[in-house]
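Notes for the one structure printed next.
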Amino acid sequence: MTARPIASFSSALPFWMTLVNVPLAILGTLWGGWWLLLLPAYGLVTVSILDRLAGLNEENPDTDTEEADLFWYRAVTMVWVPVQFVLLFWIIGYVAANRHLGVLEVIALLYGVGIMTGAAGIVYAHELMHQKSARERWLGDILLSMVLYSHFRSEHLLVHHVHVGTPRDAVTARYNESFLRFFPRVLVECLGSSWRAEVARLKRKDLSAFDRRNPFWRYAALQLGMIAMALIVGGWFGLLLFVGQAFFAIWLLELTNYVEHYGLTRKYLGNGKFEHVKPQHSWNAAHRVSNWMLINLQRHSDHHYKPDRRFPLLQTYGEDEAPQLPHGYPLMTTLAMMPPVWRRMMNPKVRKWRAMYYPEITDWTPYKRGVHEGL
């Protein structure tokens with residue numbers, strides 16, 4: 001795989017395709033009916049078809065690219081924050097004021113908006129929360145507050161990246177676990193684990209769990225601010241709309257989490273320790289168009305291997321270095337909602353992965369159950 005220069009605006013432009021969501025969302029909100037299908041169809045169907053037509057992108061960018069040369073890549077993640085804020089609360093205000101949509105139309109609208117605030121908003125928040133810049137982290141927090149999932153930052157940085165592929169990580173989907181079991185489990189476990197991780201971090205500094213430096217204060221303030229905004233622009237109906245789109249966004253996020261590490265585990269070394277995270281502990285997908293839409297989130301093997309690497313510099317891996325998904329996330333998350341189809345597709349791949357990377361492990365029962373001696 002060859003390294004390629006990426007400094008130009010034209011190289012960054014495909015990653016701006018998220019902005020197509022804006023006119024689609026406006027048309028659906030104004031006209032209702034079949035126009036409401038444009039938004040989810042773009043993110044799920046059109047991108048999957050284009051993935052099939054465009055094929056894989058197995059080129060790798062030059063990891064020595066200067067930060068200044070990434071301006072247009074960084075810009076899209078920051079520009080999206082005010083765009084999403086204005087668009088989301090305009091939709092809520094307009095629908096609440098006009099009451100022109102039927103019940104099914106409202107559900108379809110919230111589903112489409114949730115895909116937008118999930119596939120764009122949360123994905124961009126994920127990129128921003130990984131950066132050292134306080135401004136970028138704040139922007140990430142603002143995006144997460146728009147879907148009432150602010151604790152995701154603490155859970156992702158302090159729990160998931162530390163414990164991925166082990167029983168200590170709730171969002172590593174277990175082998176044979178259906179999404180319908182996974183979803184309620186992570187909703188409960190991740191909130192608790194994120195709080196405990198922040199409390200432990202503060203305790204190491206001899207600070208109280210309720211010290212002002214606990215980010216949960218910021219999370220609460222931002223989320224209350226978004227709830228207040230929904231009430232201001234749309235009243236109680238506006239708040240219902242806001243919560244509805246947040247649910248669909250969270251649902252999509254956790255579907256993505258489910259796909260990213262399904263059945264993959266790190267080798268247990270004994271005495272409560274696991275091997276270091278490697279590219280083989282995340283499913284990789286080199287599908288070109290869905291990686292544009294999701295700002296290279298599907299190069300997930302490299303993201304966990306090098307968490308501080310910005311999205312335009314993430315590397316892809318061949319089959320000999322990381323397990324490969326057969327499709328991009330839009331199609332894979334759809335299939336994950338059909339457990340028999342999902343297991344028939346993915347369980348053989350997990351078993352092949354085990355035989356390839358860990359032929360010395362003959363009993364996988366402790367890994368399936370998440371119970372190891374001394375853990």
Side-chain angles (χ1 to χ4, degrees), residues 16-48 76-77 79-126 139-140 142-150 152 183 222-223 225-256 290 293-295 297 329-330 333-334 337:
W16 287 69
M17 67 183 293
T18 295
L19 291 177
V20 175
N21 284 306
V22 177
L24 300 183
I26 293 172
L27 289 174
T29 301
L30 293 174
W31 295 343
W34 293 103
W35 292 94
L36 292 165
L37 298 181
L38 289 177
L39 197 53
Y42 175 61
L44 297 176
V45 180
T46 304
V47 170
S48 296
V76 68
T77 61
V79 165
W80 181 253
V81 181
V83 169
Q84 179 174 297
F85 179 85
V86 172
L87 181 60
L88 174 60
F89 288 106
W90 173 80
I91 290 171
I92 291 171
Y94 187 87
V95 173
N98 292 278
R99 304 293 179 104
H100 62 303
L101 301 178
V103 174
L104 291 180
E105 288 177 303
V106 168
I107 293 172
L109 175 65
L110 296 179
Y111 177 65
V113 172
I115 289 177
M116 181 183 69
T117 56
I122 298 181
V123 170
Y124 287 11
H126 169 260
L139 290 172
I142 292 170
L143 284 172
L144 290 176
S145 69
M146 285 188 236
V147 293
L148 301 177
Y149 219 52
S150 295
F152 174 64
F183 186 49
L222 285 170
Q223 291 184 168
M226 296 301 170
I227 289 171
M229 180 62 69
L231 286 168
I232 291 168
V233 301
W236 291 107
F237 186 56
L239 179 59
L240 181 64
L241 297 174
F242 178 69
V243 172
Q245 65 81 30
F247 169 80
F248 284 118
I250 294 166
W251 167 79
L252 183 61
L253 164 67
E254 298 303 354
L255 262 174
T256 304
S290 49
M293 172 68 81
L294 300 171
I295 57 170
L297 183 65
Y329 284 5
T333 52
T334 302
M337 289 298 297

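When all heavy atoms are compared, the tightest approach of Leu222 to Ser145 is CB-CB, 3.6 Å. Residues Met146 and Gln84 approach most closely at SD-NE2, 3.5 Å, considering heavy atoms. Nearest heavy-atom pair, Gly114 versus Phe248, reported as atom, atom and distance to 0.1 Å: CA-CB, 3.9 Å. Taking both residues in full, the closest heavy atoms of Val81 and Thr77 are given as CG2-O, 3.7 Å, listed atom of the first, atom of the second, then distance. Shown here for Leu87 and Ala25, the closest heavy-atom pair between the two residues is CD2-CB, 4.0 Å. Across all non-hydrogen atoms, the minimal contact from Val147 to Ala249 is CG1-CB, 3.5 Å.
Summarising the geometry, atom CG belonging to Leu239 is positioned 13.5 Å from atom CE belonging to Met226; distances are rounded to the nearest 0.5 Å. Rounding to the nearest 0.5 Å places CD1 of Ile122 at 7.0 Å from CZ of Phe152. Atom CG in Leu39 sits 7.5 Å away from atom CD1 in Ile91 (nearest 0.5 Å). Distance CD/Glu254 to OG1/Thr333: 13.0 Å, rounded to 0.5 Å. Atoms CD1 and CD, on Ile142 and Gln223 in that order, are 12.5 Å from each other to the nearest 0.5 Å. The distance from atom CG of Leu253 to atom CZ of Phe183, rounded to the nearest 0.5 Å, is 9.0 Å.
Tested against Val95 for a side chain to side chain contact (heavy atoms under 4.5 Å, CB included), the candidates Leu110, Leu30, Leu109 yield a single pass: Leu109.
You'll find the side chain of Phe237 reaches within 4.5 Å of the side chain of Leu241, heavy atoms only. Between Leu148 and Phe247, the closest side-chain pair of non-hydrogen atoms is not below 4.5 Å. At least one side-chain heavy atom of Phe242 sits less than 4.5 Å from a side-chain heavy atom of Leu88. Residues Leu19 and Trp80 meet the side-chain proximity criterion, which asks for heavy atoms closer than 4.5 Å. Taking the side chain as every heavy atom from C-beta outward, Thr18 and Tyr124 approach each other to under 4.5 Å. Side-chain atoms of Ile115 and Tyr42, non-hydrogen and from C-beta on, never get closer than 4.5 Å to each other. Side chains of Thr29 and Leu101 form no contact here, defined as non-hydrogen atoms less than 4.5 Å apart. Annotation: side chain of Val47 is in contact with side chain of Met17 (closest heavy-atom distance under 4.5 Å).
More than 12 heavy atoms of other residues, nucleotides or ligands sit less than 6.0 Å from atom CH2 of Trp90.
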